[in-house]
Asks: 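Take this structure, written in structure tokens, and hold onto it; I'll ask about it next.
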Amino acid sequence: MLELDPRDELLCLRAAEPVAECSGMVLPAIAQASIFRKETMEELHRDLARENAASVYSRGTNPTVRVLERTLAELERGEVCKCFASGMGAIGATLFGLLKAGDHVLFVNDIYGPTLELARRLEDFGVSHDQVFTADIDAIGAALRNETRMVFMESPGSTLFQRIDVRAIAKLAREHGALSVIDNTVATPLLQKPIELGVDLAIHSCTKYIGGHSDAVGGALIGSAELIERVFYNAYMLMGAIMQPLEAFLFLRGLMTLPTRIRRHHEDALSLARYLDSRSDVARVFHPQLGGAGQADADGWRGHSGLFSFELAEGGFARAVAVANRLRLFGKAVSWGGAESLVLTGHKSDPMGKGGEGPRIPAGLLRLSIGFEGAHALIEDLDQALAL
Ligand SMILES: Cc1ncc(COP(=O)(O)O)c(C=O)c1O
């Protein structure tokens with residue numbers, strides 16, 4: 001069975017417990033308020049000067065959201081967390097809040113498409129970027145420029161799920177005087193702890209596994225108090241991509257079952273990946289645990305979650321679409337991380353295609369998000385769809 005840190009299991013289950021004002025409730029009250037009254041003007045002035053910690057106005061801090069932020073900070077082993085309206089809200093605020101004209105960002109590995117689109121948009125504001133697709137630390141070092149102020153990585157990367165040496169890249173960035181940032185959504189805070197590896201900031205789309213039920217959109221940024229404060233005042237409060245209290249409640253509820261769900265996603269996805277790998281009509285399976293990669297390795301990586309992709313040996317894009325259409329148990333939808341299995345193929349205007357920038361992404365690629373229908377039933381479904 002997938003081994004998780006026992007401390008994380010308790011943290012997830014008791015995510016909401018420290019809320020004194022709701023003692024006895026298993027989850028916190030949904031603080032559905034835009035403003036918070038104070039006893040005196042002096043108290044209001046005091047709290048206005050620390051809006052990142054005190055509830056004054058819900059565009060800044062909200063009590064329900066703060067419970068989620070405390071738990072996510074602890075799960076990621078970071079000092080402070082700020083939650084956002086979406087994963088892109090967190091990514092956008094990180095880039096806008098910490099970069100200025102003249103700065104350069106180096107993206108390492110496959111990166112979620114809209115993150116790169118945002119980087120392209122930032123070119124108009126004088127922030128340049130490059131992307132490298134190598135795990136070779138010298139090659140990554142060679143791509144750094146004098147003006148590189150941020151190294152932004154994904155590991156496992158979007159779409160092809162290759163892993164890179166997170167610890168070595170964080171060290172490289174630090175020595176260069178750049179911040180290191182990781183989008184840790186695919187690994188979840190349970191399977192990889194980038195901050196323990198020296199990364200400055202970890203980002204999550206809570207929309208995926210943290211929520212786990214395809215019913216809420218949200219994001220999170222975790223790091224030192226100093227960095228989160230900079231993002232809070234430079235971008236979060238000004239851009240307004242805030243998490244709502246109902247969403248925070250749903251994510252706290254999701255956290256309670258995250259370890260159990262991740263074990264199941266992990267196990268069933270690995271079974272399916274092995275099955276697909278054994279088929280002669282499948283050219284390659286992109287799952288970071290195939291090919292003998294160990295469980296807990298030097299980076300403390302505990303294994304993969306439930307998202308992976310595979311390439312058909314023949315037929316390219318047209319056959320990939322036909323196979324996806326024949327699947328009965330896999331919903332045709334974007335996003336991932338819920339209880340239901342999903343399939344996605346590339347498309348001209350699709351997030352999966354753009355992230356990998358052209359020829360790196362094979363035309364006959366199908367991405368699967370493995371839910372809870374059962375590995376046996378899902379294999380049967382793939383069997384009939386691939387018989388086409
Ligand atoms: C790796 C990754 N990061 C970030 C995001 C963006 O998250 P959201 O849709 O919550 O804005 C996604 C969404 O698909 C993603 O796959």
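Start at 1 and go down the list; that is how both ligands and their atoms are numbered.
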Asks: Please list the nearest protein heavy atom to atom 11 (O) of ligand 1 with its residue and the distance rounded to 0.1 Å.
Replies: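 For atom 11 (O) of ligand 1, the nearest protein heavy atom comes out as M88 N, 2.8 Å.
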Asks: Look at atom 10 (O) of ligand 1 and say which protein heavy atom is nearest, naming residue and atom and giving the distance to 0.1 Å.
Replies: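 Closest protein heavy atom to atom 10 (O) of ligand 1: T207 OG1, 2.7 Å.
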Asks: At under 4.0 Å between heavy atoms, is it the side chain or the backbone of S158 that contacts ligand 1, or both, or neither?
Replies: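 It is the side chain that gets close, since no backbone atom is under 4.0 Å.
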Asks: Of all heavy-atom pairs between H176 and T148, which one has the smallest distance, and what is that distance?
Replies: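 Where H176 meets T148 most closely, the heavy atoms are CD2-O, 3.7 Å.
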Asks: Side-chain donor-acceptor pair under 3.5 Å between N52 and Y236, yes or no?
Replies: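 Y236 and N52 do not have a side-chain donor-acceptor pair below 3.5 Å.
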Asks: Under a 3.5 Å distance rule, please check whether D200 uses its side chain to pair with a backbone N or O of S180 as donor and acceptor.
Replies: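 Looks like yes, one N/O pair under 3.5 Å.
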Asks: Between the side chains of R121 and E117, is the shortest nitrogen-to-carboxylate-oxygen separation below 4.0 Å, so that they form an ion pair?
Replies: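 No, E117 and R121 are not salt-bridged.
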Asks: Check I228 against I222 and note the closest heavy-atom contact, atom names and distance.
Replies: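 I228 and I222 have their closest heavy atoms at CD1-C, 3.9 Å.
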Asks: Identify, for atom 2 (C) of ligand 1, the protein heavy atom at the shortest distance, and state residue, atom and that distance.
Replies: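 Nearest neighbour among protein heavy atoms for atom 2 (C) of ligand 1, to 0.1 Å: D183 OD2, 3.5 Å.
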Asks: Tell me, which protein residue and heavy-atom name are nearest atom 8 (P) of ligand 1, and how many Å apart are they?
Replies: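 So the nearest neighbour among protein heavy atoms is G87 N, 3.3 Å.
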Asks: Just which atoms of ligand 1 are under 4.0 Å from any heavy atom in S86?
Replies: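 Ligand 1 atoms under the 4.0 Å threshold to S86: 10 (O), 11 (O).
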Asks: Among all protein non-hydrogen atoms, which one is nearest to atom 15 (C) of ligand 1, and what is the separation to 0.1 Å?
Replies: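 Here the nearest protein heavy atom works out to Y112 CD1, 3.6 Å.
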Asks: Provide the number and element of each atom of ligand 1 under 4.0 Å from a heavy atom of W336.
Replies: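 Selected atoms, number and element: 16 (O).
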Asks: May I ask you to list the atoms of ligand 1 that are less than 4.0 angstrom from any heavy atom of E154?
Replies: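 Within the 4.0 Å cut-off of E154, ligand 1 contributes 1 (C).
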Asks: Is a salt bridge present between D5 and R7, judged by a nitrogen-to-oxygen distance below 4.0 Å?
Replies: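 No.
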Asks: Quick one: does NZ or CZ of K82 land under 6.0 Å from the six-membered ring centre of F232, within 45 degrees of the ring axis?
Replies: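 Ring-cation test returns no.
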Asks: Using atom types as modelled and distance alone, determine if a side-chain donor or acceptor of R367 lies under 3.5 Å from a backbone N or O of T159.
Replies: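 A pair under 3.5 Å: no.
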Asks: Return the residue, atom name and 0.1 Å-rounded distance of the protein heavy atom closest to atom 9 (O) of ligand 1.
Replies: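 It is K208 NZ, 3.8 Å.
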Asks: Which ligand 1 atoms does G218 reach within 4.0 Å, using its non-hydrogen atoms?
Replies: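 Close to G218: 10 (O).
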